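As the structure is a computational prediction, the values presented were derived from the model and not from experiment. To find a chain, count down the sequence lines: A is the first, B the second, and so on, and within it residues start at 1. Heavy atoms only: backbone and side chains are in, while hydrogens, waters and symmetry mates are out.
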Amino acid sequence: MKNQEVARIFFGIADYLELQGVEFKPSAYRRAARNIEGMSQDVEDLWREDRVGEIPGIGKNLAAKIAEFLKTGRVQVYEKLKAEIPEGLVEIMRIQGVGPKTTKLLYDRLDISTVEELREAAESGRLYRVKGLGPKKAKNILRGIELREAYVQRMILGRALPIAEGMIVYLKARAPIDQIAVGGSLRRMRETIGDIDILAASEAPAEVMLAFVGMPDVQEVLLQGNTKSSVILGNGMQADLRVLDGESYGAGLLYFTGSKDHNIRLRSLAISLGMRLNEYGVSRGDKQVAGATEEEVYQALGLPYIEPELRQGQGEIEAAHRGELPHLISLENLRGDLHVHTNWSDGHDTLEAMVRAAQARGYEYVGISDHSQSLHIAGGLKEEEVIEEDAEIKDLQGKMPDIRILHGAEVDILEGGRLDYPDEVLKGLDFAIGSIHSRFTQPEEEMTDRVITAMENEFLTILAHPTARHINEREPIALDLPRVFEVATITGTALELNAGISRLDLNGAHARAAKEAGAPLIINTDAHATVGLDQMKFGVGQARRGWLEAEDVVNTRSLAEFQAWLDR
DNA sequence: GCCGTTTTCGGCCCGACTGTTTTCAGTCG
Ligand SMILES: Nc1nc2c(ncn2[C@H]2C[C@H](O)[C@@H](COP(=O)(O)OP(=O)(O)OP(=O)(O)O)O2)c(=O)[nH]1
Ligand SMILES: [Mg+2]
Ligand SMILES: [Mg+2]
Ligand SMILES: [Zn+2]
């Protein structure tokens, strides 16, 4: 899949054009790049079907550049810019607080074209020779260079959210706060998070700001104003706080939740309606018409409420206009978790502890799915042990009538798509989950055949974490997902949205494509301890980003219906 | 370069914070 390469080229062209002072085109290239980067379909497949124009932000010119890249492996415009513009300028532009204008100024006036040259110039005071650059700017640049060296990669959602929630508790305890919430990519449940964004309503914003910049984990204060402050935390991550009045809280939350694309579209819509939208509210002339809640802001723009997970600039506003927004699935819709480990294999807790924990979360059923025999490293169960585990489950079921315990297994998909238990064993189970846990680097065709062969086994119920990626750690396997979706509609294999915070696999974009293809879906935690069951909300977050409704997900069904689905 | 409940051409979101500015440009969210 060449999506990332195409996106990188478009981002690159955007940077170069911006350095040249070109207007508007950089954002056009960036929007296109973001959409190509985030979509689940292979841009090459779309191109073959002559459908790249369907990608938001791709018009005639960008379509031609995609075609050029896929045919020749290069984009001339990009190569030309790259040859013209010194390598180091893009790097300089990436320094926090230094943008295209400053970069160009430094290059034109001081012939600075590398970060190292810039550092020397800032330290020596050579910078001051240029009008518009003073000592504070020099200090800022040096700080920016240091921050760059301490750069941290985007944090996974499941780690960032508790940090943000901790900050909210801290702030509430130390300043008068009427309303407070996480915003940004965290609220939209993006799989990775660039920074922590928090929005608060308070009558004493200065106190909130003081509490924020005084948090024990603050390493550096980047900027501090009356309504907005930014800090760097001990782990290198940035946190932004915005404080507004209560009557602007809804508009502020809308603004701070984004996405940027969504914001710009809403603001453009407001203009077209003769109004104006900013973080303080919607106004007509100088009369404020909405602002206290997000609902009333959307309403003022003639739209129904759009859930944060949908605010990606991926057609949600058009769908809202047509009255075709999905009724998104929520955590409460889930009636069971079908991917749960116990200490029979590599789980931390006992079978009984896991089942009780599932019951405590209100589930009607829980599926136990320990590892299969070949996965020695995870204590995979031998065939006899499967039978022993089954006896323990029957025993426990007798003691716990209020939750149905389904006995399954997470079965390795071996070479050639063979499953890690013989059919006689699989037949005795209530369900079976297939997983790729080995030979991750097979070429796409082999891997796809391997997975599809497994799906065609009549006893395989669920395909777990289909791409097998670990966010920031292991790349997805080479798998032809559209084909897998296609096959799932025929075999009825449910494709998993694995809610484990390092996996989120399938993710939202995949889920949306899978739904469009008509594939059955299921959300599971893959819990290896009782607390792991709480990760369900992250799977639900991805499902919501994928526009899924309860009916698209098999484990929202009642026990009777779910059992019927298993028995089909 | 894209795109159309405002347009097929002429727009393209809008405000906070900072630094160096004598009135505003640059950067960022
Ligand atoms: N109107 C408008 N809003 C913006 C702009 N840039 C950012 N925002 C809003 C929407 C963003 O979701 C929100 C927070 O900005 P961030 O830079 O933190 O982005 P976000 O959290 O979406 O992604 P991240 O994971 O932090 O990279 O601020 C902009 O240029 N215009
Ligand atoms: Mg953010
Ligand atoms: Mg931010
Ligand atoms: Zn598992």
Side-chain angles (χ1 to χ4, degrees), chain A residues 10 13-14 17-18 21-33 35 52-66 77 92-106 127-128 130-141 143-144 147 183-185 194-199 205 209 213 221-230 238-244 248 251-283 301-303 313 317-318 320-323:
Chain A
F10 285 179
I13 293 176
L17 292 176
E18 198 166 47
V22 176
E23 279 189 294
F24 304 114
K25 290 191 191 189
S27 25
Y29 274 99
R30 288 197 180 108
R31 166 151 192 255
N35 286 330
V52 287
E54 291 173 22
I55 304 167
I58 304 286
K60 249 185 73 182
N61 282 284
L62 292 189
K65 289 187 176 61
I66 291 172
V77 171
I92 289 176
M93 192 171 65
R94 292 231 168 78
I95 295 169
Q96 172 129 209
V98 181
K101 296 285 187 340
T102 310
T103 305
K104 194 160 183 311
L105 190 69
L106 290 165
L127 239 49
Y128 312 162
V130 182
K131 189 165 107 231
L133 298 179
K136 290 200 175 158
K137 187 81 192 170
K139 252 186 91 186
N140 259 333
I141 287 174
R143 180 180 73 174
L147 281 175
S185 47
D195 69 354
I196 290 175
D197 301 297
I198 295 178
L199 181 89
M209 287 304 169
V213 300
V221 179
L222 291 178
L223 53 89
Q224 182 180 355
N226 295 324
T227 75
K228 178 175 138 178
S229 297
S230 295
Q238 181 170 329
D240 297 334
L241 173 70
R242 188 76 200 258
V243 185
L244 295 161
S248 292
L253 188 56
L254 186 61
Y255 152 69
F256 220 27
T257 298
S259 65
K260 178 176 166 174
D261 252 26
H262 185 81
N263 287 353
I264 291 175
R265 279 144 182 277
L266 286 183
R267 287 170 183 212
S268 306
L269 176 62
I271 293 170
S272 74
L273 297 172
M275 295 185 277
R276 166 194 197 78
L277 169 64
N278 57 29
E279 61 266 48
Y280 297 99
V282 184
S283 50
L301 299 175
L303 296 171
I317 293 174
E318 293 80 352
H321 265 132
R322 293 194 305 266

Short side-chain N/O contact from A:Asn263 to OP1 or OP2 of B:dC13, under 4.0 Å: no

Below 4.0 Å: OP1/OP2 of B:dG19 and any side-chain N or O of A:Asn140: yes

Sugar-phosphate, base or nothing in reach of A:Lys104, heavy atoms under 4.0 Å: nothing

A:Arg267 vs B:dG15: side-chain N/O to OP1/OP2 distance below 4.0 Å: no

Sugar-phosphate, base or nothing in reach of A:Leu277, heavy atoms under 4.0 Å: sugar-phosphate

Distance below 4.0 Å between A:Ser27 side-chain N/O and B:dC2 OP1 or OP2: no

Separation between OH of A:Tyr255 and NE2 of A:His262, rounded to the nearest 0.5 Å: 14.0 Å

Between B:dG15 and B:dC3 - C1' atom distance, rounded Å: 25 Å

Spacing between A:Leu147 atom CG and B:dT27 atom C1', to the nearest angstrom: 15 Å

N or O in side chain of A:Lys25 less than 4.0 angstrom from B:dG1 OP1/OP2: yes

Phosphate contact (B:dA16 OP1 or OP2) by A:Tyr280 side-chain N/O below 4.0 Å: yes

Touch class at under 4.0 angstrom, heavy-atom based, for A:Ile95 against every strand present: sugar-phosphate

Side-chain N,O (A:Asn61) to OP1/OP2 (B:dC2) below 4.0 Å: yes

Under 4.0 angstrom between A:Gln238 side-chain N/O and B:dG29 OP1 or OP2: yes

Residues A:Glu18 and A:Arg30 bridged, charged N to O under 4.0 Å: yes

A:Tyr255 (side chain) and B:dG29 (base): donor-acceptor pair under 3.5 Å: yes

Separation of the P atoms in B:dT6 and B:dC14, to the nearest angstrom: 14 Å

Whichever of A:Ala63 and A:Arg94 has its nearest DNA chain B nucleotide further upstream toward 5': A:Ala63

Sugar-phosphate, base or nothing in reach of A:Thr102, heavy atoms under 4.0 Å: sugar-phosphate

Under-4.0 Å side-chain N/O to phosphate OP1/OP2 contact, A:Lys137 with B:dG26: no

Sugar-phosphate only, base, or nothing, as touched by A:Ile264 at under 4.0 Å among non-hydrogen atoms: base

Spacing of the C1' atoms in B:dT5 and B:dG1 (rounded, Å): 23 Å

Between B:dC28 (C1') and A:Arg30 (CZ): distance, integer Å: 12 Å

Face-to-face stacking of A:Phe24 with B:dC12, centres under 5.5 angstrom, angle under 30°: yes

Watson-Crick or G-U counterpart of B:dT8, or none if no pair lies under 3.5 Å: none

Touch class at under 4.0 angstrom, heavy-atom based, for A:Leu269 against every strand present: nothing

Length of the CG-C1' vector between A:Leu244 and B:dG29, whole Å: 13 Å

